[in-house]
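Below is one structure, written out as structure tokens; the observations come after it.
So you know, we letter chains A, B, ... as the sequences are listed, proteins then strands, and number each from 1. What you see is a predicted model; the values in this text were computed from it and never measured.
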Amino acid sequence: MTESGVRESGGRRSGGGEPGNREPIGRGAGTRRSADHDPGAQPERTALSWQRTALASLILVTVVSRGNFERPILVALSALVCVGLSVVVFRGWLNAQRRTNNWRKAIDDGRAAPRPARDIFMVASLTIAVGIAALVSIAIKFASLV
Amino acid sequence: MRPDRLYETGEDPDPRFSLANERTFLAWLRTAMSFLAVGAAVAHLAGGEQALLVVGVSLALVLLGLLSALQAWRGWHRNERALRTDEPVRMGKMPFVILGVSVAVGVSAIVGLLL
């Protein structure tokens, strides 16, 4: 997927692409490139990033839910946070995927602004919750071992 | 805690920068998930031998996972705020702490296994 398919646009400031863009913008031999036009790769890459995260969360949830939690309340709590994390991450993926279709034009026109703060907060805190569940299961396991 | 309060400051940045910041968050989150999954897996694999080493390594890995998840949120929040208020984006010290601790964990795991 190339991002260099940018069109010329007269006089507008090239805002510089995302950090790590492969080609320096506006330094082509005699061509003026602009980052203002983006033919849709950014939302799609973000959706793919959500996809990878959703798949990674499945691995995490599988491993953690195999832990030995012994007490029913701990089993229930860990199952809850595991299911919660998967649901939230997959919902994030779905949202990003929907956005991709709606936003290509909106981004080109400079109308769209992503505001994912709530999703991101939920995903991060549920990951932390799953991590605490992992911590609990490890503590239980080694308490019985020692 | 209302994450949406972030949007009360500054102006919406170029959407592409926001999206890039979102992907950075997701990358950190996957790092966190990998640390946590490996930590939990190490604990599963532990037999009777060297239980102390195994518990140490798995606890350290889970701790690294928690730190990475924290960094994912804090880094995203800080970057998004910087983008909204047109300030420079800074990385902070946490990535170096995570790097240092994971190297220390790896080295001590190898040393512990060899001894």
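Criterion: ILVMFWY side-chain heavy atoms under 4.5 Å apart, direct or through other members. Under it, B:Ile110 and B:Leu45 are not part of a common hydrophobic cluster. Hydrophobic clustering (ILVMFWY, side-chain heavy atoms < 4.5 Å, transitive): A:Ile73 and A:Val75 are in one cluster. Linking ILVMFWY side-chain heavy atoms closer than 4.5 Å, directly or via other members, places A:Ile59 and B:Val42 in two distinct hydrophobic clusters. A continuous path of ILVMFWY side-chain contacts below 4.5 Å connects A:Val88 to A:Leu58, so both sit in one hydrophobic cluster. Hydrophobic clustering (ILVMFWY, side-chain heavy atoms < 4.5 Å, transitive): A:Ile132 and B:Leu61 are in one cluster.
Neither the backbone nor the side chain of B:Arg74 comes within less than 4.5 Å of any heavy atom of chain A. Of the two parts of A:Val89, only the side chain, counted from C-beta on, holds a non-hydrogen atom closer than 4.5 Å to a non-hydrogen atom of chain B. With a threshold of 4.5 angstrom between heavy atoms, B:Phe25 approaches chain A through side-chain atoms but not through N, CA, C or O. With a threshold of 4.5 angstrom between heavy atoms, B:Ala72 does not approach chain A through any atom at all. When heavy atoms are compared at a cutoff of 4.5 Å, A:Leu85 approaches chain B solely by way of its side chain, counted from C-beta outward.
No side-chain heavy atom of B:Leu36 sits less than 4.5 Å from a side-chain heavy atom of A:Val64. Between B:Asp12 and A:Arg115, some side-chain heavy-atom pair lies under the 4.5 Å cut-off.
The line from CZ of A:Arg118 to CG of B:Asp4 is 4.0 Å long, rounded to the nearest 0.5 Å. The distance from atom CE of B:Met33 to atom CZ of A:Arg52, rounded to the nearest 0.5 Å, is 12.5 Å. The distance from atom CZ of B:Arg23 to atom OG1 of A:Thr53, rounded to the nearest 0.5 Å, is 11.5 Å. Rounding to the nearest 0.5 Å places OG1 of A:Thr127 at 12.5 Å from CH2 of B:Trp73.
Here the closest heavy-atom approach between residue A:Thr46 and residue B:Leu26 is recorded as O-CD1, 4.2 Å. Here the closest non-hydrogen pair linking A:Leu60 and B:Ala37 is CD1-N, 3.5 Å. Considering all non-hydrogen atoms of both residues, A:Trp50 and B:Glu22 come closest at NE1-OE2, 2.7 Å. Across B:Ala43 and A:Phe142, no two heavy atoms sit closer than the pair CB-CE1, 4.2 Å.
Using modelled atom types, one finds a donor on one side chain and an acceptor on the other under 3.5 Å when comparing A:Ser49 with B:Arg30.
Chain B forms more heavy-atom pairs under 4.5 Å with one residue of A:Ala117, A:Gly92, A:Gly131, A:Ser57 than with any other, namely A:Ala117. Ranked by heavy-atom pairs under 4.5 Å with chain B, the first of A:Ile120, A:Val63, A:Ile138 is A:Ile120. With respect to chain A, the highest number of heavy-atom pairs below 4.5 Å among B:Val62, B:Val89, B:Val55 belongs to B:Val55.
Heavy atoms from other residues, nucleotides or ligands lying under 6.0 Å from CD of B:Glu8 number more than 12.
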B:Leu66 and A:Leu135: side chain to side chain contact (heavy atoms under 4.5 Å, CB included), yes or no, with the steps?
CA-CA 10 Å; B:Leu66 291 174; A:Leu135 216 55; 4.3 Å; yes

